[in-house]
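As structure tokens, the structure follows; a few thoughts come after it.
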Amino acid sequence: MNNRLEKLRQLLIENNCNACLIAGRANTIYFSGFTGTTSLLLVSIDKAWLIVDFRYTIQAREQVYEGIEVIEIKKSFYSTLNEIVNNNSIDIIGFEGQALTVSEYNRIKEKLTRAKKLVRFDSQIDWIRSIKDSDEIERIQQAVLLGDKVFEHIIKFIKPGMKETEVAAELEYTMKKLGAKGPSFESIIAAGHRSAMCHGTATDNIIKNGDTVVLDFGVIYRNYCSDMTRTIFIGEPKKELARIYDIVKKAQQAALDGIKSGMSGYDADKIARDIIAENGYEEAFGHSLGHGVGLEIHEEPRLSEKSEDILKDGMVFSVEPGIYVEGLGGVRIEDMVVLVDGKIRNFTTSPKEMIII
Ligand SMILES: [Mn+2]
């Protein structure tokens, strides 16, 4: 795991920083192993400290990777941080721009008596996490497998007359029973006209005969997220929705077959987008093809019309085209994949043949 800290230190050196303050949860887990919710991780060129309060001292000592010293706060987090910074002659500290609130940033700046220069990193630190190691790949594979099992159960459970929230409750109960910590995001169960809402989280809407149901959910298993979507039909689908289903499935398969390492996120997205456009639904695919998944449900890289990210071996991401027609419904199919030896290996095993309940 020291390799992870070495990559971070390389980034610090390139940006003339003496140290880096990690406050975001995903980066804290990744670089230190600590999974508690409150901590500050300070990484210098040759040392690392995890600052916690009394509640987490024992847990932190058990969890941290070799080479990281656990420090319990005396007065406050920021005064303890200041002490370490002063004792180690640290002048320039990098931080994650998206992990600190403006008021936290201001308080840190006020509290530091020696280090007066703070350097903001945007996504550079997160990018270190984009290429997964074998331990991460194994955890992700298990998370996805657990999601597949939940889906297998839920298609037997779901019946017309149920509320979307009942399905979401069963989904989340089942994942926990199977060993997940919980959902990786608020489950999307969108039936009937609501299926045209890309992010239609479950409501008290009642699932009826003739409905299309989009189920988009994920689990957290050993800190890693899964993400999948399947669209099912309650009774025979309307003609147009059956056609849409077929187009989305083809677009997704083309992307799964065509995405290669070295390709840009833009080109990857375009594979699916072109097929959807050729079939007349250009305006109906209003989101990106996919996103990285790991300790966070949405992380680097991005597969979208705007993305210049280069896809590489070891990156894990979703492939999830969709078509949404207001008043009619929507279809999305999402798998999670990893790039190995230049091409896609699919983690998701749930069926994609049309499911009619
Ligand atoms: Mn997704």
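We count ligands from 1, going down the list as the structure has it; atoms in each ligand are counted the same way. Position 1 is the first residue of the sequence, and the numbers go up from there.
- Applying the salt bridge (Lys or Arg N to Asp or Glu O under 4.0 Å) rule to pairs touching residues 207-231 yields Asp216-Arg332, Arg230-Asp335, sequence neighbours excluded.
- Within 6.0 Å of atom CD in Glu14, more than 12 heavy atoms from other residues, nucleotides or ligands are found, so the atom counts as buried in its surroundings.
- Pairs engaging residues 34-48 under the salt bridge (Lys or Arg N to Asp or Glu O under 4.0 Å) rule: none recorded [sequence neighbours left out].
- In this structure, Asp126 pairs ionically with Arg129, as a charged nitrogen and a carboxylate oxygen lie closer than 4.0 Å.
- By the 4.0 Å N-to-carboxylate-O rule, Arg120 lies close enough to Asp122 to be salt-bridged with it.
- Residue pairs meeting the salt bridge (Lys or Arg N to Asp or Glu O under 4.0 Å) criterion with at least one partner in residues 99-110, sequence neighbours excluded, do not occur; the list is empty.
- Near-neighbour remark for the Mn ion (ligand 1): protein N, O or S atoms under 2.8 Å are Asp227 OD2, His291 NE2, Glu320 OE2, Glu334 OE2; waters not counted.
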